**Q** 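Sharing a structure here in structure tokens format.
Note that the structure is a prediction, hence the values are computed from the model and not measured. Counting from 1, the numbers follow the sequence of the chain as shown. Computed from heavy atoms alone, side chains included, the values below leave out hydrogens, waters and symmetry copies.
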Amino acid sequence: MNRDQLTILGLTAVWTLVVVAIGVAVLWRFRRRSLRTTMIVASLVPMLAALAAVTQSVRAMFISAHDSLVVLWTLAFSGLLGLAISVLLGQWITTSSRDVGRRLRHLGTSYEPVAGGTNSNVPAELAAITDELEMTRKRLAASHERERALEASRRELVAFMSHDLRTPLAGLRAVSEGLEDGVIDDVPGALRQMRTTVDRMTGLVDDLFELSRLSAAPPPRRRSAVSLRELAEDVAGETCEHARAEGVSLKVSTPPDDDRLAVHGDADELTRAVTNLVGNAIRHTERGGTVKLTVDRDTDGRVRLAVTDGCGGIPDHDLERVFDIGWRGDEQRTPSSASSSNSSGGGLGLAIARGVVESHEGTIGVTNIDGGCAFEIDLPPVPTGSSS
């Protein structure tokens, strides 16, 4: 490499570094400006650096004026084309960024979809951000709906419990005033009535406590292997008198001596959940009807417990509300005395059953069948190698 070439190379390097330094300074100066401005400056810097380097090289090589003019015009047109493309690109990115900002502002004020706007003309990175924002909006909207439903359920529960507690309290007051005034002749009968009323109120309070405990997600209790076959038989034995009093036939169908029908859980909680389901089925089945308790194993290995009744079915629009807190299909809010001791008077029994099943990583559902409905509990089996 001769001396002239070194001189031209040095001048080119110097002018390039000068232009780049100026460009960096300008970028730093406009760092808080629009992204469009930054992109225009960023695209102009290398073009100006190339223009300065070529211009200095042309002068140093003593090229003719005509040739120099052609080179400079070529560089000028190239620079204008690059500037136009950078402006268009900056406008494209700026518009897409404003759409992302609009979605962010909308996300904090509304749960409705953003009107207009599409990802078809947005860069892949910004399209990914807008897609994530849309998914976040949907999750927030679903959470908002659940919150509204929960708040409505809480208000309904307060109204129901107020009614269910006010009625027995009024009865207790009337009986106590009658005893105090001496107008009640059957004192033992009045005392039995008061005790029955107190038992019903105690059941309501116990249900509320159990529901609040399940909702609070306490530390998991020590669990062990629980045979659903034995549990079903125990529940049937405990509720047979209730079924007989209601004129309902209670049947249990379980495979004999099947150790595979065991689940890992809390026996007391599961017993309460199944008892609530059976008691609810007995209470809603007409006299002469049948309540059937079935335990078997699905093809995927999970243990299934089903309670079928003869209630006549549940309206389709109420199937999704069956397990809501405070919901009850009775037209009469106050339960009869015959069934009050065996069912959740505040409409909490099914909600408690769902809480227990879900705390055991299971699912619970209800479907209509011929002449009634079927409540099904699906629980994972005992893990292989676990001990009871």
**Q** Does the H264 side chain pair with the main chain of P380, one donor and one acceptor, at a distance under 3.5 Å?
**A** no
**Q** Answer yes if I369 and V248 sit in the same cluster of Ile, Leu, Val, Met, Phe, Trp and Tyr residues linked by side chain heavy atoms under 4.5 Å apart, and no otherwise.
**A** no
**Q** Quick one: closest heavy-atom pair of H360 and L379, and the distance?
**A** CB-CD2, 3.9 Å
**Q** Test side-chain contact (heavy atoms from CB on, under 4.5 Å) on E230 and L261 and set out the steps.
**A** CA-CA 9 Å; E230 297 178 359; L261 298 179; over 6 Å; no
**Q** CG of D185: more than 12 outside heavy atoms within 6.0 angstrom?
**A**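 Result for CG/D185: open.
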**Q** Closest heavy-atom contact between I282 and H242?
**A**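 Result for this residue pair: CG2-CE1, 3.7 Å.
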**Q** Testing the basics here: between T285 and G310, what is the closest heavy-atom pair and its distance to 0.1 Å?
**A**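 T285 and G310 have their closest heavy atoms at OG1-N, 3.2 Å.
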**Q** Run the side-chain hydrogen bond (donor to acceptor under 3.5 Å, both in side chains) test against R173 and tell me which residues pass, sequence neighbours left out.
**A**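 If we apply the side-chain hydrogen bond (donor to acceptor under 3.5 Å, both in side chains) test to R173, skipping adjacent residues, the hits are E177.
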**Q** Closest approach of A245 and R287, non-hydrogen atoms and distance?
**A** O-NH2, 3.1 Å
**Q** If you round to the nearest 0.5 Å, how far is OG of S176 from CG of L191?
**A**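 One gets 11.0 Å once the value is rounded to the nearest 0.5 Å.
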**Q** Excluding sequence neighbours, so at least two apart, what forms side-chain contact (heavy atoms from CB on, under 4.5 Å) with T290?
**A**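 Per chain and number, T290 pairs via side-chain contact (heavy atoms from CB on, under 4.5 Å) with S249, K251.
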**Q** List for me each residue that meets side-chain hydrogen bond (donor to acceptor under 3.5 Å, both in side chains) alongside E145, sequence neighbours excluded, and say none if there are none.
**A**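 For E145, no residue satisfies side-chain hydrogen bond (donor to acceptor under 3.5 Å, both in side chains) once neighbours in sequence are set aside.
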**Q** Using the side-chain hydrogen bond (donor to acceptor under 3.5 Å, both in side chains) criterion, which residues pair with T136? Sequence neighbours excluded.
**A**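 With neighbours one apart ignored, the set is R139.
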**Q** Return the CZ to CZ distance between R192 and R195, rounded to the nearest 0.5 Å.
**A**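 Here the interatomic distance stands at 8.0 Å.
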**Q** Quick check for you: to the nearest 0.5 Å, what is the distance between E132 atom CD and E134 atom CD?
**A**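 With rounding to 0.5 Å, CD (E132) is 10.5 Å from CD (E134).
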**Q** Determine whether N280 and V307 satisfy the following criterion, side-chain contact (heavy atoms from CB on, under 4.5 Å), listing intermediate values before the conclusion.
**A** CA-CA 10 Å; N280 182 76; V307 178; over 6 Å; no
**Q** Kindly write out the residues that satisfy side-chain hydrogen bond (donor to acceptor under 3.5 Å, both in side chains) with R244, not counting sequence neighbours, or none if the list is empty.
**A**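 R244 satisfies side-chain hydrogen bond (donor to acceptor under 3.5 Å, both in side chains) with E241 only.
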**Q** When you look at L293 and L305, which way does the side-chain contact (heavy atoms from CB on, under 4.5 Å) test go after all the steps?
**A** CA-CA 7 Å; L293 184 57; L305 185 147; 3.6 Å; yes
**Q** E286: which residues meet the salt bridge (Lys or Arg N to Asp or Glu O under 4.0 Å) condition with it, sequence neighbours left out?
**A** none
**Q** With sequence neighbours left out, write down each residue that passes side-chain contact (heavy atoms from CB on, under 4.5 Å) with L250, or none if nothing qualifies.
**A** A236, T239, A243, V278, V291
**Q** With a 4.5 Å heavy-atom cut-off, do D296 and V303 have their side chains touching?
**A** no
**Q** According to side-chain contact (heavy atoms from CB on, under 4.5 Å), who are the partners of I184, at least two apart in sequence or on a separate chain?
**A**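 With sequence neighbours excluded, I184 shows a side-chain contact (heavy atoms from CB on, under 4.5 Å) to V175, L179, A190, given in chain and number order.
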**Q** So, D309 side chain and C373 main chain: donor-acceptor pair closer than 3.5 Å or not?
**A** yes
**Q** Between A353 and N276, what is the shortest heavy-atom contact and its length?
**A**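 A353 and N276 have their closest heavy atoms at N-ND2, 4.4 Å.
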**Q** Restricting to pairs with a member in residues 362-376, which pass side-chain hydrogen bond (donor to acceptor under 3.5 Å, both in side chains), not counting sequence neighbours?
**A** R304-E376
**Q** At their closest point, which heavy atom of T308 faces which heavy atom of A374, and how far apart are they?
**A**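 Closest approach of T308 to A374: CG2-CB, 3.6 Å.
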**Q** What distance separates L350 CG from I364 CD1, expressed to the nearest 0.5 Å?
**A** 7.0 Å
**Q** Is there a side-chain contact between L270 and V263, using heavy atoms and a 4.5 Å cut-off?
**A** yes
**Q** With sequence neighbours excluded, what pairs up with E361 under the salt bridge (Lys or Arg N to Asp or Glu O under 4.0 Å) test?
**A** none
**Q** Using the test salt bridge (Lys or Arg N to Asp or Glu O under 4.0 Å), find all partners of D234 that sit at least two apart in sequence or belong to another chain.
**A** none
**Q** Do R272 and I352 have side-chain heavy atoms sitting under 4.5 Å apart?
**A** yes
**Q** Starting from L140, can I reach M135 by hopping between I/L/V/M/F/W/Y residues whose side chains sit under 4.5 Å apart?
**A**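 Hydrophobic grouping puts M135 apart from L140.
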**Q** Going from CZ on R229 to CG on L231, what distance comes out if it is rounded to the nearest 0.5 angstrom?
**A**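 One finds 11.5 Å between CZ of R229 and CG of L231.
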